[in-house]
Amino acid sequence: MTEPLRLGLIGTGIQHSLSPRLHAAALVLADLPGSYELFDCADASAAQAVFARLRRGELDGVNVTTPFKALALQSADAWLRTARHKAGVFTQPANTLFMEDNRLVASSTDGHGLVAALLGAQVDLVGKRVLLLGAGGAAQAVAAELLALGADQVRVANRTPDAAAALVDRLNTVWPRSAIAHAWGESRGLAGVDVIVHATLLGHGQPPTPDVLADLAVQLGWLPWEAWAARPPLLADLLYAADLTPLQALAQARGLPVDARLGEAPIEEARIHPERREPKGILQYFGQAMLAHQAARAFQLWTGQRVDALRMLAAILPR
Ligand SMILES: NC(=O)c1ccc[n+]([C@@H]2O[C@H](COP(=O)([O-])OP(=O)(O)OC[C@H]3O[C@@H](n4cnc5c(N)ncnc54)[C@H](OP(=O)(O)O)[C@@H]3O)[C@@H](O)[C@H]2O)c1
């Protein structure tokens, strides 16, 4: 009989994570016995104690989230290079760990999640101009994928300019002259972007109440909302909410249309359909779709089994 798989998530304040539901669905879909545990770690040494359990074979694979993604990368023996990054190695804070040949291997499946969710929504990135809000762990993972998928240019705007500059330097080393650091608060140059990817903590864990939206409208009032209402770019928000995220709700209030379309096929089968119109405006439930795809990829790294990310997604979408 197959030994039950022991999987889990390391992070802080993760009690409301959707990952246990996603991986419970994956275990059922793959017909594998196992469990997915939450390791709520107060500090780095508690997280390292869980890494040690993985090294000893007491666990089969773990996801890592805030604030231990950088620590996971530092603690690993190897970085799993993704096939799309042929141009060069672009390491990112890790969200997935597993053992292979006695080595602790780190990877990030966030970029895969983004790409799969975009392809599933019939978004073709080739030649597109992208505004990336944020330069943290998730932004680093997705920036590389956007360029690997053929985006023409990625403008990185971050509250702390040094972090945007550092990310842009690293991106341009692998994809020369593709990334630009954009000043936070500067609207010039943004009216014509095709895609906005939101990867900051603005609105994280908050429902879009009038107070939250009023605050966000002040923080993001510098964005060219009028131009975007006239020519809507696609808005892919990494955050997720039961209905609209605060940024999605603000964008809707500023005149951007909502496109509730989700991926219709898993990434392995997802292809841009030539007869289909590309979506414009706010991609509702994009954060959940990305989360399901990144989880499916992690599950595949741990078990070797591909599971249908869209069926995993069904386990977390509001009914
Ligand atoms: N859907 C998915 O599958 C998925 C996957 C990964 C992450 N996410 C979500 O993506 C978001 C970012 O995650 P992360 O791991 O990248 O976090 P992180 O590494 O902590 O980075 C946080 C980012 O948010 C910015 N930020 C924080 N507070 C801000 C504020 N008040 N105003 C403007 N910018 C602010 C930070 O800018 P500074 O550099 O100035 O601090 C930084 O760029 C989270 O909400 C997370 O849940 C979703």
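Counting starts at 1 for both ligands and their atoms, following the listed order. Note that this is a predicted model, so its numbers are computed, not measured.
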Exercise for the section: Fit a plane to each ring of His112 and His293, take the angle between them on a 0 to 90° scale, and name the class: parallel (under 30°), tilted (30 to 60°) or perpendicular (over 60°). Expected result: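 Rings of His112 and His293: perpendicular, over 60°.
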Handout entry: Parallel, tilted or perpendicular, as decided by the 30° and 60° cut-offs, for the rings of Trp302 and His23
Key =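 Tilted, since the angle between the ring planes falls between 30° and 60°.
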Fill in the blank from the handout: Within the 4.0 Å heavy-atom cut-off, what Leu291 brings close to ligand 1 is both
For [X], take its heavy atoms, then give the atoms of ligand 1 lying under 4.0 Å from any of them.
X      : result
Asp110 : 5 (C), 6 (C)
Ala199 : 12 (C), 23 (C)
Gly137 : 16 (O), 19 (O)
Leu202 : 30 (C), 31 (N), 32 (N), 33 (C)
Gly287 : 1 (N), 2 (C)
Gly134 : 43 (O)
Tyr240 : 1 (N)

N/O separation below 3.5 Å, [X] to ligand 1:
X      : result
Arg159 : yes
Gln294 : no
Ala138 : yes
Leu239 : no

Can you establish whether the number of heavy atoms outside [X] located under 6.0 Å from its atom [atom1] is more than 12?
X      : atom1 : result
Glu226 : CD    : no
Arg188 : CZ    : no
Arg254 : CZ    : yes

[X] side chain to [Y] main-chain N or O, any donor-acceptor pair under 3.5 Å?
X      : Y      : answer
Trp225 : Gly255 : no
Asn95  : Thr109 : yes
Asn158 : Ala163 : no

Practice task
Determine, considering heavy atoms only, which of Thr160, Leu167, Asp162 sits nearest to atom 40 (O) of ligand 1.
Solution key: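 Nearest heavy atom to atom 40 (O) of ligand 1 lies in Thr160.
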Problem - Linked, directly or transitively: Ile10 and Leu18 (ILVMFWY side chains, under 4.5 Å) - result: no
Exercise for the section: State whether Lys69 and Asp110 are salt-bridged, where the test is any N-O pair (Lys NZ or Arg NE/NH1/NH2 against Asp/Glu carboxylate O) under 4.0 Å. Expected result: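 Yes.
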Handout entry: Pair Arg6 + Asp60: basic N to acidic O under 4.0 Å
Key =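 The answer is yes: the pair qualifies as a salt bridge.
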Identity and separation of the nearest protein heavy atom to [atom]:
atom                    : result
atom 21 (O) of ligand 1 : Gly136 CA, 3.4 Å
atom 26 (N) of ligand 1 : Leu201 N, 3.9 Å
atom 45 (O) of ligand 1 : His204 ND1, 2.7 Å
atom 11 (C) of ligand 1 : Thr200 O, 3.6 Å
atom 37 (O) of ligand 1 : Asn158 OD1, 3.2 Å
atom 10 (O) of ligand 1 : Leu238 CB, 3.9 Å

Exercise for the section: Take Ser45 and Asp43 through the test side chain to side chain donor-acceptor pair (under 3.5 Å) and record every step on the way to the result. Expected result: CA-CA 6 Å; Ser45 64; Asp43 53 30; 3.1 Å; yes
Practice task
Please verify whether a non-hydrogen atom of Ala135 lies at under 4.0 Å from ligand 1.
Solution key: yes
Practice task
Would you please determine whether Trp184 falls within less than 4.0 Å of ligand 1 on a heavy-atom basis?
Solution key: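 Judged by the 4.0 Å heavy-atom criterion, Trp184 does count as contacting ligand 1.
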Problem - Derivation of the side chain to side chain contact (heavy atoms under 4.5 Å, CB included) call for Thr200 and Arg159 - result: CA-CA 9 Å; Thr200 81; Arg159 179 183 60 174; over 6 Å; no
